[in-house]
Structures are given as structure tokens and as C-alpha cells.
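Just so you know, these numbers come straight off a predicted model, no measurement behind them. Atom set for the values below is all heavy atoms of this structure, side chains included, hydrogens, waters and symmetry mates excluded.
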Amino acid sequence: MPRPRLHDVGHVLDVAEELLASRGARGVTLRALASAAGVSNGSLYHAFGSLPALLGRTWLRAARRFLVSQAERAEAALPDSVAATVAAAGTPADFADRRPAAARLLLFVRRDALLGPGLPESLADELGALDREVVALLKRLADAHWGRHDACAVEAMTACVVDLPTALLRRSLELPGPVDPGARARLEAAVRAVLAIPLPKERHA
């Protein structure tokens, strides 16, 4: 007897995204996901191989969509390095307005809870490629603003694009509806303040 096939993979990933955003990694079982998606357990196994692979694929899809949006926003604002960095830092808020479940998944579900040991090789390769693209964007923004992309410059840019948005938008993203304009304004002010601080001289070995 042939194994059941899954014809709408995107629909399953959408449902998994919603469940992960609302329940967390431990709250999503294969049975719950199959029921919510209206498919059989067997079709999920056939399409994804395992629940960890399915959930890892869900996280990677959300992260890929976020990074594409962030890179596009930053590139559109260059060569104004401040505007580009502010745009990159503000991407989580805009992403949350357009894709609230994906934004909550990326912010509130720990990456290592879904992408830990035993990740299929294809997903591990995709994760590695994604990490390299993140670093490349940070270096591009650091180069545009400070004319350098050494560890010190990338660390400062990481504070602007990763650390400050996580700290200043988190509370607003926990609530339903659009992101608080006040949180956006505080984030922009904080990013501009960090960018205004001169970096220490680059150290050469």
C-alpha cells in the first residue's frame, strides 16, 4: 500500500508556525500538528521524516523570510549607513506586523530547542548558510558606517541590529496587535546613540 503524500507542505509549515508561536517547542506533538493541519500522521512522516525535522524546517523558513526582509530594508536605505542600520534594527517590528506568528516563533522559541543535535544534514547546512548571511549583513553595515568590519565593529553593529531590538521590542511583541510606536521610537533613538559612539582604534596583530 503506498504511503500517503502531503500535497500542501506550506500549509503544514504555517500550522506548525502558529502552534510553535502559541505553545512553544514542547507543546507541539505530531498528533496535535496533524489534527490542526487536517492531515495524517503518516503523511507528515513521509514529507518531513520526523517531527524535529518538521519543526526545524518551520524555524528555518521563518528565519529565512526575516533575513530576506531585513537585508532588503537595509540595502534600500544604503548608502546612508545610519538609516540602513535603523531599518535593519526595526525589521522585527515590521515583520511582526506582517507575520506575527513567525515573529513570535523567532523571538520566543529558543533556536536550540528546534535545531539541536540530530538535525538532518540538509537542515544543518541551511542553518550554517543562514548564519553566514547574518554575519555578512552585519559586516556590510559595519563597513558602511565605520569603514571596517573587525570584531569590535561587528560587535557594535550586533548591539544595534540584534541586542537592542530584542530588548526594546520584546514586551510590545508579546501583545497582540501592531507594535507600539513608542517602542519603535525608543529603538531608533538607541540605535542612533550607539552609532554615534566612535569605535576604539582597530588592533592589528
Side-chain angles (χ1 to χ4, degrees), residues 6 8-39 41 43-45 47-74 87-120 122-135 137-138 158 160-180 183-184 187:
L6 187 65
D8 193 349
V9 171
H11 168 65
V12 171
L13 294 178
D14 288 342
V15 173
E17 191 172 85
E18 292 282 352
L19 290 178
L20 284 168
S22 61
R23 301 182 183 183
R26 293 185 177 180
V28 181
T29 64
L30 191 72
R31 178 174 296 181
L33 178 53
S35 176
V39 298
N41 289 8
S43 64
L44 292 183
Y45 272 118
F48 297 99
S50 67
L51 180 62
L54 193 165
L55 299 184
R57 172 63 61 194
T58 303
W59 190 95
L60 282 166
R61 186 186 69 158
R64 164 64 58 193
R65 287 174 168 175
F66 174 82
L67 182 57
V68 167
S69 177
Q70 187 174 54
E72 286 177 349
R73 286 168 53 84
T91 302
D94 293 302
F95 191 70
D97 287 343
R98 292 184 291 109
R99 298 183 179 276
R104 290 179 61 82
L105 164 59
L106 294 176
L107 186 61
F108 299 117
V109 178
R110 290 192 352 264
R111 169 175 139 165
D112 59 3
L114 301 179
L115 300 168
L119 189 69
S122 61
L123 295 188
D125 290 343
E126 188 175 335
L127 178 61
L130 198 69
D131 286 342
R132 289 190 292 274
E133 289 180 40
V134 171
V135 173
L137 177 61
L138 293 171
T158 300
C160 292
V161 176
V162 179
D163 301 337
L164 285 173
T166 300
L168 297 179
L169 296 177
R170 186 179 184 90
R171 182 174 298 176
S172 184
L173 291 176
E174 288 176 341
L175 303 174
V179 175
D180 174 24
R184 289 176 181 264
L187 173 60

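Taking CH2 from W59 and CG from L105, the interatomic distance works out to 8.0 Å, rounded to the nearest 0.5 Å. Here S69 contributes atom OG and R98 contributes atom CZ; the two are 4.0 Å apart, rounded to the nearest 0.5 Å. To the nearest 0.5 Å, the span separating CG on D131 from CZ on R111 amounts to 4.0 Å. Note that the CG atom of L138 and the SG atom of C160 stand 10.0 Å from one another [nearest 0.5 Å]. To the nearest 0.5 Å, atom CG of residue L20 and atom CG of residue L33 are 8.5 Å apart.
Taking 4.0 Å as the cut-off between side-chain N and carboxylate O, R99 and D14 do not count as a salt-bridged pair.
Remark: R170 CZ is packed, more than 12 non-hydrogen atoms of other residues, nucleotides or ligands lying under 6.0 Å away.
Side-chain atoms of L13 and E17, non-hydrogen and from C-beta on, never get closer than 4.5 Å to each other. In this structure the side chain of R65 never reaches within 4.5 angstrom of the side chain of V68, judged on heavy atoms. Contact annotation: the side chain of V9 approaches that of F48 to within less than 4.5 Å [non-hydrogen atoms, C-beta and beyond]. Looking at heavy atoms from C-beta onward, E18 lies out of side-chain contact with V28 at the 4.5 angstrom threshold. Taking 4.5 Å as the limit, some side-chain heavy atom of R57 sits within range of a side-chain heavy atom of L123.
Closest non-hydrogen pair, V109 versus G24, comes out as CG2-CA, 4.3 Å. Nearest heavy-atom pair, L19 versus A36, reported as atom, atom and distance to 0.1 Å: CD1-CB, 4.3 Å. Pairing each heavy atom of A89 with each of L187, the nearest pair is O-CD2, 3.4 Å. In terms of heavy atoms, P178 sits closest to D97 at CA-OD1, 3.4 Å. Between P92 and L169, the shortest heavy-atom contact is CB-CD1, 4.0 Å. Of all the heavy atoms in A101 and A21, the pair that sits closest is O-CB, 3.5 Å.
The side-chain contact (heavy atoms from CB on, under 4.5 Å) test with L51 singles out one residue from L30, N41, L44, and that residue is L30.
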> Can you check side chain to side chain contact (heavy atoms under 4.5 Å, CB included) on V135 and R132, steps first, answer last?
Replying inline: CA-CA 5 Å; V135 173; R132 289 190 292 274; 5.8 Å; no
> Can you check side chain to side chain contact (heavy atoms under 4.5 Å, CB included) on R184 and D94, steps first, answer last?
Replying inline: CA-CA 10 Å; R184 289 176 181 264; D94 293 302; 3.2 Å; yes
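Not a single donor-acceptor pair under 3.5 Å links the side chain of S35 to the backbone N or O of A32. Using a distance-only test at 3.5 Å, with no hydrogens or angles considered, a donor-acceptor pair links the side chain of R104 to the main chain of L173.
Residues that satisfy the salt bridge (charged side-chain N to carboxylate O under 4.0 Å, His left out) test with R64, not counting sequence neighbours, are E133.
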